[in-house]
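Just below is one structure, and these are the notes that go with it.
Side-chain atoms are counted along with the backbone in the values below, which use heavy atoms only and exclude waters and symmetry mates. What you see is a predicted model; the values in this text were computed from it and never measured. Below, chain A is the first sequence line, B the second, and so on; all start at residue 1.
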Amino acid sequence: MSEVRVRFAPSPTGQFHVGSARTALFNWLYARHTGGKFVLRVEDTDQQRNTPDALQALMDGMRWLGLDWDEGPEAGGEVGPYFQSDRGAIYQEYIEKLKASGRTYEKEGALYFRLEGERYTEFDSHLGQEVEKVKAAPQIIDDMIRGKVERAEERDFVIVRSSGDPVFHLVNVVDDLTMGITHVIRGEDHLSNTSKHCELFHALGAEPPRFAHIPLILKSTGKGKMSKRDEGALIEQYIAEHFVPDAVRNYLCLLGWSPKNDREIMPINEIIRNFDFGGVSQSNAKFDHEKLTHMNAEYLKSLPIEAFAEKAAQVLPAQMVNDVYPEYLTDVMGLVQAKVNRLTDLPSLVGYFFSDSFENDPKVGEKLAKKSDPIVKAKDIRAGFALIEDPNWSVEALEQACVSCADAAGGKKFDYFPMLRYAVSGSGGGPDLLPMLKVLGKNRVLDRLDTYIGGVNS
RNA sequence: CACCCUAUCGUCUAGUGGUUUAGGACUCCGCCCUUUCACGGCGGCAACACGGGUUCAAAUCCCGUUGGGGUGACCA
């Protein structure tokens with residue numbers, strides 16, 4: 001059995017769509033699973049849209065997802081060039097072969113591929129005119145996901161435009177042939193055109209590769225397949241929003257593929273080991289941004305605290321973290337790591353750890369004022385905290401102080417909690433209170449209690 | 001209009017003729033924990049599109065209908 005060779009053949013337009021990313025991913029997984037080669041081939045025949053920037057964005061996106069290629073731009077390889085724009089001579093050579101085989105003819109300046117079979121004329125409602133059709137023998141597509149699919153082409157088709165440029169169907173087949181591609185893994189939107197490709201392979205005296213047409217990713221709301229304009233459709237967006245790349249990749253793996261053992265959050269090695277076309281779904285899947293976000297949160301939680309703090313530092317405003325000890329940042333992040341879904345939620349979550357000028361939530365303030373004497377309580381607990389001698393300002397010492405105050409007032413320690421939280425953070429929710437006070441430190445806590453006491457009186 | 005693909009909870013899916021009161025995950029809801037909460041624990045709602053067959057037995061096989069998706073370019 002010869003080595004598996006798969007390819008991802010994007011047309012770099014500057015935007016890396018999740019659908020393309022998943023096609024790349026499944027190719028990559030199959031190559032890694034089988035120990036084969038993953039080829040990156042750039043379909044840059046559309047000079048208008050394909051810029052160096054666009055290529056860079058595509059490669060950045062692939063690398064961000066951890067999809068490394070064995071042959072292609074910046075990697076080299078034996079069967080290049082890997083840019084279609086550099087392969088003109090190769091296409092010409094194969095066009096000549098096709099001409100020599102007698103399967104082509106010219107019409108209105110374009111070169112057509114001629115189907116074999118009985119010809120007839122018919123009105124085509126889609127084209128709105130009479131066209132010549134052919135009763136060609138059906139091509140049998142050997143698809144690893146869908147089994148044997150039979151489809152017959154019924155019209156001759158253009159392989160070289162009157163401008164002299166070869167069309168997609170031709171270059172795709174020639175490239176796959178000359179690059180020794182053994183398995184073509186692509187979106188189901190290509191399935192109907194595969195019969196054209198099989199015709200061309202056979203006309204060139206070659207056996208078509210095996211195919212795997214993977215289901216499409218559909219819009220999460222509304223109809224049709226996902227497009228670049230839909231929310232969450234672009235890999236660039238996840239990079240910009242500091243998603244965990246492994247989380248995005250993990251989610252994409254599960255969109256249309258299942259390990260069939262109820263496992264979802266998996267290290268990539270486990271996915272590679274289990275990846276197989278038997279696990280690929282035959283039906284299309286809707287994109288679910290919430291599940292992706294959940295998966296991102298899971299990956300965030302499992303990060304070592306140092307790594308989490310490092311990532312957090314990238315999304316927090318510079319003035320927040322610049323003149324702060326790294327240990328302080330790590331401590332703060334330890335408080336919120338398990339609670340955050342996206343890193344970009346962080347700034348609004350932890351502002352009060354870094355600045356005294358935080359917003360007070362008026363609703364929480366009102367609710368607090370309705371309870372009994374928050375100011376008296378604040379004064380009591382402020383006095384109690386001031387007496388703490390433990391230089392570590394530990395959670396235990398803080399709790400003890402609360403208990404003492406509560407005993408003296410004939411209440412419970414929790415009587416002070418909502419007020420304390422509001423006084424130091426302006427908010428009604430957040431991390432566990434006592435650890436949060438410890439991280440904030442004695443000076444900050446006492447100062448903010450003073451502000452609260454004074455602020456409410458005035 | 002034609003051709004091709006497809007059809008299990010709202011969503012992603014497990015299920016390849018009997019082990020299934022159809023399992024897991026996201027979402028949602030409830031309870032517990034916490035007199036905070038965006039964490040955690042426990043629990044709940046929720047599906048085999050429809051109609052025919054085949055079979056002792058069908059979510060699973062076949063046919064049809066309906067729904068969804070794709071393709072039908074001198075785009076890729």
Handout entry: B/rA76 base / A/Asn193 side chain donor-acceptor hit below 3.5 Å
Key = yes

Problem - Aromatic ring proximity, centroids under 6.0 angstrom, A/Trp257 and A/Phe275 - result: yes

Problem - Proximity to the side chain of A/His294 - top-ranked nucleotide from B/rG70, B/rA25, B/rC12 - result: B/rA25

Practice task
Look at the side chain of A/Lys286 and decide which nucleotide, out of B/rA76, B/rC74, B/rU11, has an atom nearest to it.
Solution key: B/rU11

Exercise for the section: Would you kindly say whether A/His242 and A/Thr344 are connected by a side-chain donor-acceptor distance under 3.5 Å? Expected result: no

Handout entry: Residue from A/Phe168, A/Phe211, A/Phe113 passing ring-ring contact (aromatic ring centres under 6.0 Å, His included) with A/His197
Key = A/Phe168

Handout entry: From B/rG23, B/rA76, B/rG69, nucleotide with atom closest to A/Asp262 side chain
Key = B/rG23

Problem - Rounded P spacing from B/rC45 to B/rG24 in Å - result: 12 Å

Can you name the atoms? Protein N/O to nucleotides 2-4 of chain B N/O, anything below 3.5 Å, with the distance.
residue, atom, partner, partner atom, Å
B/rC3, O2', A/Arg151, NE, 3.4

Fill in the blank from the handout: Among B/rA76, B/rA14, B/rC12, the one nearest any side-chain atom of A/Ala285 is B/rC12

Practice task
Go through the side-chain N and O atoms of A/Asp175 and A/Gln84 and say whether any donor and acceptor fall under 3.5 Å apart.
Solution key: yes

Practice task
Can you figure out which of B/rC74, B/rA25, B/rG69 approaches the side chain of A/Asn284 most closely?
Solution key: B/rG69

Practice task
Identify whether NZ of Lys or CZ of Arg in A/Arg87 sits under 6.0 Å from the centre of the six-membered ring of A/Phe83 and within 45° of that ring's axis.
Solution key: no

Handout entry: Interface with RNA chain B, restricted to residues 209-231 of chain A and to heavy atoms under 4.0 Å
Key = A/Leu216, A/Lys223, A/Gly224, A/Lys225

Completion exercise
A/His126 has its side chain closest, among B/rU6, B/rA76, B/rC1, to B/rC1

Fill in the blank from the handout: Exactly one of A/Lys196, A/Arg119, A/Lys133 clears salt bridge (charged side-chain N to carboxylate O under 4.0 Å, His left out) with A/Asp156, and that residue is A/Arg119

Practice task
Would you mind telling me which of B/rU13, B/rG23, B/rU27 lies closest to the side-chain atoms of A/Glu290?
Solution key: B/rU27

Handout entry: Side-chain donor/acceptor of A/Lys291 to base of B/rA25, under 3.5 Å
Key = yes

